[in-house]
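Here is how names work: the chains are called A, B, and so on, in the same order as the sequence lines, proteins then strands, and each is numbered from 1.
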Amino acid sequence: MIAIENVVKVYGERRVVDGITMDIPKGRIFGLLGPNGAGKTTLLRMIMGLVKPDGGRVRLFGDQQPGSDGAARRIGYMPQELALYPGLSVLENILFFGRLYGVPEAELRRRARTTLEQVELADRQDSLVGTLSGGMMRRAMLASAVVHQPELLILDEPTAGVDPLLRLKFWQWFNDLADGGVTLLITTHHISEADRSQEVVFYRLGKIIRRGTPQELLKHYQTTDLEHAFVKATEETGGNNA
Amino acid sequence: MKARWIALRVIQEIVRDRRTLAFFLVVPIIVMTLVYYAIYQDEVAKIAVISRGMARLFSYDLERALTKEKNVVVAPLSIPDDEQDPARLEAMIREALKKKQVDGVLYFPERLITDRFDGKPGALYLYVEGSRPTLTGTVGSAVGNAMSDLSAALPVVIDAQCSAKCANSVNNKAIDLKKVYVYGDEDYRLVDFFLPVLLPFFVFFFTFLLSTISFQRERVRGTLERLLITPITFTDIVLGYLGGFFLFSTLQMSIVLTYILMLITYPVTVWQIASLLVVSIAVMMTGLLLGLLVSFQAHNEFQAVQFIPLVILPQIFLSDMIWSLESFPWPFRWFAMVLPLTHANAIARDLMLKQLPLWQLWPNLLALAALFTVVLVLLGWVGKRSRTMFS
């Protein structure tokens, strides 16, 4: 699904992404866990073709280049910020993004209806996004990111600032999507989110410091929670001065 | 006084945003320079004096009197001395005025002398270009003053040239000054001069402003990032913005144009209105592309807003909109050539005041098209980097 080979990105004298090599298989929920400023968003942007690597290469869906038309059609993206048009209604936002991906109109409207029901926003579909609460906006964001039925869904801190109940719902939706064959790449600095991923990468200072399923990581670091596992992994690779 | 901490924070932010700081310090200098050159001297009118036969006896004194007038220079005009045919002479004078070689031509026909010998007042002709009321006024008052200075000396000149018999009949008869307008007439008001350029100005100003801000908003709220990862191309984004703004710009154009037409007093044809709309649409598209270009270069809303005076103010000063470009030193005059409104204003005035057909205005149209192309190419170049603009 995603093949990353020795990718490097340098800003000034800082190696934000420092020789990352990894592959992400299809249909998995893949968590990228690391502190703020670790370079997670930069790595995501390289996968989406928004940032050009200074070294190495990224291949998607076999041999497609990030940013290519073919790859773009198969990716959905939910950024950290509430990237919707506040002057448009929830439905209008979803239809707008769906149209950009070339989904036929009748099919798009059918999918928009289904998606709105899934994220429990059907009754607010005509509300302007600017009038929604933060949690509703996040749900509208998710709906607009999946309406074109992407094969790869990239989520940057998807439940940041979301209350615990809604977070649980989000994870239910993520699992449903993965069950449907969608690959989810989630960046987070919340341990609880990484815990729910099927596979986790500990990411620090632009480098992968450990990869495995949550169970494998807990076993490797002989601990009961991922937070301690991450701390131990950090200490193992040279302290915690991130 | 907690306010000091807010002040400190504001200072720190501005100092660290070097581009904003540069704008903050440089824009006033640019504007002050423009204001200085715009108002430090009055508009100077160029007047040529042409005379034939014995009328040269008058013209010499009047030319000398004109040189003493303020805001006027007497300029030579390359019309052959042996050209005597009045019709051809008038055609040459009109051509010189159309080409802006001079702003006014004072013509002393040969028959002025014979008329005066016959006891008639005789007529002098003042040809003015006419489209710029301020210059027409300067030329008219300078010639009027020079003629009143001349009237005292006139009988003496006549005395020396004709017998005592004719002198009595000529003395004390004021020469009739006939004004001939190449464009418009004496009813042209200052407001008529300004009204035509308001349409391109408003269209450019608002389109540039809205496209700069709208695109910056896309970037700030993260929707630009989302747009750029979709399969749409950069051309789609630009065309989409053009299409979206076209509707509202056209509506705005219609309102401004209707208002202008209600205010002007001279007749306007449908063809003139259609031509002005075509030019305004070209200005709208250039303004929109320039707004997008500026928005791409600005790293935040602060910088985007600073670009607005930097792009708009020079066009107010240097596009011949209010102040004559002639008042500015040559570097400014050259710079004015790369400003869309310089050409749009020239076209608007030539269309409305001089009533010239659009095709005759091809140099300005070509310049406008060239500027549009340059902005488009620059935007295309920036667009190539758009997918990696988050680097």
Check: Non-hydrogen atoms of chain B under 4.5 Å away: do they reach the side chain of S144(A), the backbone, both or neither?
Finding: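 Contact with chain B: backbone and side chain both.
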Notebook entry, point to check: Can you say whether A71(A) sits under 4.5 Å from chain B via the side chain, the backbone, both, or neither, judging by heavy atoms?
Noted result: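 Nothing of A71(A), per the 4.5 Å heavy-atom cut-off to chain B.
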Notebook entry, point to check: Can you tell me if CD on E107(A) sees more than 12 non-hydrogen neighbours from other groups inside 6.0 Å?
Noted result: yes
Note to self: Could you check whether atom CZ of F246(B) has more than 12 heavy atoms from other residues, nucleotides or ligands sitting under 6.0 Å from it?
What the structure shows: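 Open: at most 12 neighbouring heavy atoms sit under 6.0 Å from CZ of F246(B).
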So which heavy atom on [X] is nearest to which on [Y], and how close?
X       : Y       : result
L50(A)  : L228(B) : CD2-CB, 3.7 Å
L100(A) : P231(B) : O-CD, 3.7 Å
E81(A)  : R221(B) : CG-O, 3.7 Å
A72(A)  : I229(B) : CB-O, 3.4 Å

Kindly compute the distance separating [atom1] ([X]) from [atom2] ([Y]), expressed to the nearest 0.5 Å.
X       : Y      : atom1 : atom2 : result
T223(B) : Y85(A) : OG1   : OH    : 4.0 Å
E225(B) : T41(A) : CD    : OG1   : 8.5 Å
L227(B) : F97(A) : CG    : CZ    : 6.0 Å

